[in-house]
Amino acid sequence: MSKILRVNMTDLTTKFESVPEKYRLTAGRGLTSAITCDEVPPTCHPLGPNNKIVYASGITTGTAAPTSGRISIGGKSPLTGTIKETNSGGMAGQKLARLGIKAIILEGQPKGNGQQWVLKVDKDGAELLPTADEWLGKGLYETYPLLFDRFGERVAIIGIGVAGERLMRNAGICVNDPENRPARYAGRGGMGAVMGSKGLKAIILDDKDGPGVPIANKKVFDTGRKKLLEALRTHAVTKPGGGLNTYGTAVLVNIINEAGGFPTRNFREGRFEGAARISGETIHETCENRGGVGMTGHGCSPGCVIKCSNVYPKPDGSELVSVQEYESVWAFGAHCGIDDLDITGECIRLCNDYGLDTIEAGVTIGVAMEAGLANFGDGKKAIELMQEIGKGTPLGHVLGNGAAVTARVFGVVRCPTVKGQAIPAYDPRAIKGIGITYAISTMGADHTSGYTIAPEMLGVSGKVDQFIVEKADMARNFQYATAFIDISGHCLFIAFAILDIPSGLEGMVEECNGVLGTNWTLDDIGRIGGEIIRMERLFNEAAGFTTAHDRLPEFMKYEKLPPHNVVFDVPDETLDKVHAT
Amino acid sequence: MIEIRLYATLGRYRPELKVGEPLFLNLDQGTTVKRVLQEVLGIPTEVVKTVFVNGIYRELDHVLADGDRVGIFPPVAGG
């Protein structure tokens, strides 16, 4: 029987509880959001004793379902003030699920003395252990090996870096990858600061001899699994040797750039002259030319068919960083006017080391450049600014609190954030649907909450004109479908295959039916996804958010974006229509 | 004169070009994207998923004009 593990940091107790009936058929984001709505006062301070943080694997996570290793982490975000779910690949999701734990709820706050803790969970139970001094105040490339030495190489670690220890609003939560690098992140929304505010440095998951994930109807599960596997193995984007596997997610750089929607030098332009030099094609070529440990087609969690990650080598073939992803190379690249993968790679490595979200960190550096702290294109200075965060200087604290805080401190009007969270690598003036998603997402600016880029740019699930503004229905449908994928435990990238191949979509639902014993049909995807979004909206409303917050930064309404010279012209009424039904 | 860029796996049809390096072509008036693919570049249309002309998505029957910037892609996605 699966359980909920409740960890109280006020009195330093752990206890296992049975799963209430109302949570039985949900998981992942559905569960983190439901528990947050049920237990967290919406107006609480995100770093105070009344916020909670919930860790939950997806429905199929820990089973043989392909590309299903996700873990969701949720609570109230210190970055946005909204509800937050941020999910990650890596090793933790599957181990948590195989321990028979449906969710860990971390609550309360230790009083006073600055003592930090580690939560150790295995088949026999859970205990809080005091941290060793040597685990604190250092980069995670130093700390993770120490933790693996202490707890064994086969555990999973969910941890925070110095950014989380210092309660910075851009602190992410790190999960080790299959080679135990501190390289996968539930990055967005500053949830690492929430973990830090509770004095928890890391969760250690040892699933040895754990009960595993019970499957209610194995036949149904196997049927669904085969259908989804077939879809992933045949779709041109997700198949072995396909676009994602060969080039990684940064294969998007050139297409978004050609379309004039690649935000450049803090959203001044939509096309970057150095785009090709930071693209997936160049990453692939560099891995081949430099050799050594360099590789594309790296998997971020066991059982992934797509394998879109990479290990990027230094000129001598030794490891610089895993992973150079689209959003990250954009944030430290085009957004900062930098066209050098060795610079973006070093900045990403620093994010992994300090425990930061790469999107927010890169956008922050671009905002700092806008403020005159460095010139656009100055890679050396970008790295030095990042190092301020690591040192914890006053400037580092400003930058570590994200783009919106940095813009305020330095008087920058061109601040690319929604609800305090940095806008990712698609300019909404040139690609309208994703702008609607940024505006109305329950999470702040978040491309993964409704990836309309698929039809607007990539011809996945049909082709839709990028400039059409009446996309409220499309944005809503994407939000709902995404919320369902976020409870399934699958990586969102399965969407590329299942949006085009109907049997793959059926397969995903059948896998869930197999695990849970439900009889969901395709119609339930929108119903279940919609319930999650409505629940999250209610939390945000109670936290003080109104439709006035469902807006893009004002400058996008009056500053034209070259080369198309367009502003964001989606009417406010269209934005409000998304959630009006 | 138009400039064409071939991306991702399509790069193999002009291996002498660096990633993102344009190919410059002089075309007859009325030449479509499809004709450039088939007759000039030798790229089968079935391996082409997306074509942008001056940053705007175009179908294969789109007629090219002097000064156009053309980007040609196989199926790609990411995020």
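All heavy atoms count here, side chains included; hydrogens, waters and symmetry mates do not. Just so you know, these numbers come straight off a predicted model, no measurement behind them. Below, chain A is the first sequence line, B the second, and so on; all start at residue 1.
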Worksheet entry | Minimum-distance pair of heavy atoms, taken over all atoms of A259(A) and F52(B) | CB-CE2, 3.6 Å
Kindly provide each donor-acceptor pair between chain A and chain B shorter than 3.5 Å, listing atom names and distance.
unit_1  : atom_1 : unit_2 : atom_2 : d
Y247(A) : OH     : T9(B)  : N      : 3.2
E258(A) : OE1    : R69(B) : NE     : 3.2
E258(A) : OE2    : Y7(B)  : OH     : 2.9
E258(A) : OE2    : R69(B) : NE     : 3.3
E258(A) : OE2    : R69(B) : NH2    : 2.9
E281(A) : OE2    : A8(B)  : N      : 2.9
H447(A) : NE2    : G79(B) : O      : 2.9
Y451(A) : OH     : G78(B) : O      : 3.3
G459(A) : O      : K49(B) : NZ     : 3.1
H564(A) : NE2    : G55(B) : O      : 3.1

Response to the item:
Taking every heavy atom of G78(B) against every heavy atom of L244(A), the minimum-distance pair comes out as CA-CD2, 3.8 Å
Response to the item:
Nearest heavy-atom approach of V251(A) to A77(B) is CG1-O, 3.3 Å
Worksheet item: Can you check whether L458(A) reaches F73(B) side chain to side chain, under 4.5 Å on heavy atoms?
Response: no
Discussion item. Please rank G79(B), P74(B), P75(B), G11(B) by heavy-atom pairs under 4.5 Å with chain A and give me the top one.
Written reply: G79(B)
Discussion item. Does anything in residues 70-79 of chain B form a side chain to side chain donor-acceptor pair (under 3.5 Å)? List the pairs, not counting sequence neighbours.
Written reply: none
